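Predicted model only: the values in this text are computed from it and were never measured.
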Amino acid sequence: MGRYLIVNGDDFGMCHSANLAILDLFKNGRITSTTIITVAPWAKEAIKMIKEQPELLRAGVHITHTSEWDTYRWHGFLDIKELQDEDRMFPKATADALKVDINLRIDEAKEQIKWALNQGIEITHLDNHMRTCMDHEEELLKICYDNDWGYRFHEEKGYSDKAIEFLKDHDVPVPDYINYNDGQIVSDNKTYESHAAMYKHMLHVMPEGITEWFTHPALETDELKAIAPDYRIRINDYRFLMSDEFIQTLKDENITLIGYEDIKRIRG
C-alpha cells in the first residue's frame, strides 16, 4: 500500500501565533490538514485564512469541551451550565467534561460544526480536543458518516467498543495509525534536538498504511509564551515541520503526505 502521512495542525484559531504558523506550513507544503477550535478567540482569523486560499488550507473542526489554561480561556456556543466552571468557561479537565451527559456534549459539538459551516468553509473531518467524547465516540462518527467526513480514530487508543462496532458497519475515513511510535525515543519536550530526534524516529518506524500526526505548531512569540504552558512543544513542532530534515526524511523513507480528503481514494 505504501506509507502515507497526514500532518494535522491542531488548534487553528487558538491564537495569532498558531494561525501564522499553520498558514506558513501550508504555504510551504509541510502540513496537509488542520482543525479549528471554533470557540477560540482567533477562530475568525483562521476562517479568513481558509476563505482566502480554500484550495490550500484544508480544515476540519476540533470539537472542544475544555478550556485548560489559567489565563486564556473560552466557553461554548451554547449556554450549557453543566459544561461551565465557576468562571462560566469550559471545564479545565477532560474528566470533568466526561461527567456531562453525552447528549449535551454532542449538542455543543453540533453547534461548533454549524458555526464553521455558516462561515462558508468546507469541512474535511472532525477530531476531539482532549478526547472529551471518548466514552461515546460513535456519536461523532455518526456525524462524520452522515456528512462523508473523516475522523481521527484508532481503536488501539482506547476508544469505546460502540465506536469500534460502528466503524465495522459504516465507511468513515479514519487513519490506520495515530502518532505511531514504538516508544523507543521520547522527546524531553524542551529542546529542539530531542523533539526532532523523536519525529525522525517516528518517520523511520512508521508502518505501511495511513498515519496521522496531530501536531500543535506555533510561532515563538510573547503571546504564545503568555498563553500556553507547553509553548516549547508548539515552537519545536513548527521548527521541525519547517526544517530541511523533515523533508529529507520523508524522501529517504518514501513517505507521501496526504490529507483526510485523500483517504477514500487511496484505499480504493
Is a salt bridge present between [X] and [Y], judged by a nitrogen-to-oxygen distance below 4.0 Å?
X      : Y      : value
Asp135 : Arg105 : yes
Asp96  : Lys99  : yes
Lys162 : Glu165 : no
Lys48  : Glu52  : yes
Asp87  : Lys92  : no
Glu220 : Lys225 : yes
Asp79  : Lys81  : yes

Do [X] and [Y] make a side-chain contact, defined as non-hydrogen atoms from C-beta onward lying under 4.5 Å apart?
X      : Y      : result
Ile266 : Met1   : yes
Asp10  : His62  : yes
His125 : Ile263 : no
Thr211 : Pro175 : no
Cys133 : Ile102 : yes
Phe90  : Arg73  : no
Glu122 : Arg58  : yes
Met242 : Leu25  : yes

Paired with Leu126, the side-chain contact (heavy atoms from CB on, under 4.5 Å) test is passed by just one of Tyr260, Tyr151, Phe153, namely Tyr151
Trp149 pairs by side-chain contact (heavy atoms from CB on, under 4.5 Å) with which of Ile113, Leu140, Val61, Thr124? Ile113
Minimum heavy-atom separation for [X] to [Y], with atom names?
X      : Y      : result
Leu219 : Ala21  : N-CB, 3.7 Å
Asp11  : Ile22  : C-CD1, 4.5 Å
Ala40  : Gly13  : CB-O, 3.3 Å
Ser187 : Ser194 : CA-OG, 3.2 Å
Ile121 : Ala116 : CG1-O, 3.4 Å
Cys144 : Val172 : CB-CG1, 4.0 Å

Is it the case that over 12 heavy atoms from other parts of the model lie below 6.0 angstrom from the [atom1] atom of [X]?
X      : atom1 : answer
Lys264 : NZ    : yes
Asp146 : CG    : yes
Tyr145 : OH    : no
Asp161 : CG    : no
Arg88  : CZ    : no

Side chain [X], main chain [Y], donor-acceptor under 3.5 Å:
X      : Y      : result
Tyr72  : Met14  : yes
Glu223 : Ser17  : yes
Asn189 : Ile233 : no
Asn28  : Arg30  : no
Asn236 : Ala196 : no
Asn19  : Trp42  : yes
Thr66  : Pro91  : no
Gln119 : Trp115 : yes

May I have the step-by-step check of side-chain hydrogen bond (donor to acceptor under 3.5 Å, both in side chains) for His170 and Glu138, ending in yes or no? CA-CA 11 Å; His170 300 83; Glu138 70 279 1; over 6 Å; no
Side-chain donor-acceptor distances from residues 250-258 under 3.5 Å, at least two apart:
unit_1	atom_1	unit_2	atom_2	d
Asp252	OD1	Gln248	NE2	2.9
Glu253	OE1	Arg3	NH2	2.7
Glu253	OE2	His204	ND1	2.9

Arg265 vs Asp262, salt bridge (Lys or Arg N to Asp or Glu O under 4.0 Å): CA-CA, chis, key distance, verdict: CA-CA 5 Å; Arg265 173 184 58 80; Asp262 300 313; 3.4 Å; yes
How long is the straight-line distance from [atom2] of [Y] back to [atom1] of [X], given to the nearest 0.5 Å?
X      : Y      : atom1 : atom2 : value
Ile123 : Asp148 : CD1   : CG    : 12.5 Å
Glu108 : Glu82  : CD    : CD    : 12.0 Å
Leu57  : Thr34  : CG    : OG1   : 7.5 Å
His136 : Lys142 : NE2   : NZ    : 10.0 Å
Asn128 : Glu139 : CG    : CD    : 12.5 Å
Ser33  : Phe26  : OG    : CZ    : 6.0 Å

Name the orientation class of the two ring planes belonging to Tyr180 and Tyr177 (parallel below 30°, tilted from 30 to 60°, perpendicular beyond 60°). perpendicular
Stepwise side chain to side chain contact (heavy atoms under 4.5 Å, CB included) test for Leu5 and Leu203: CA-CA 9 Å; Leu5 178 63; Leu203 290 171; 3.8 Å; yes
Consider only side-chain N and O atoms of Gln112 and His65, and report whether a donor and an acceptor are under 3.5 Å apart. no
Show the numbers, then the answer: is there a side chain to side chain contact (heavy atoms under 4.5 Å, CB included) between His129 and Thr35? CA-CA 10 Å; His129 181 62; Thr35 35; over 6 Å; no
Can you hop from Met130 to Phe12 via hydrophobic side chains spaced under 4.5 Å? no
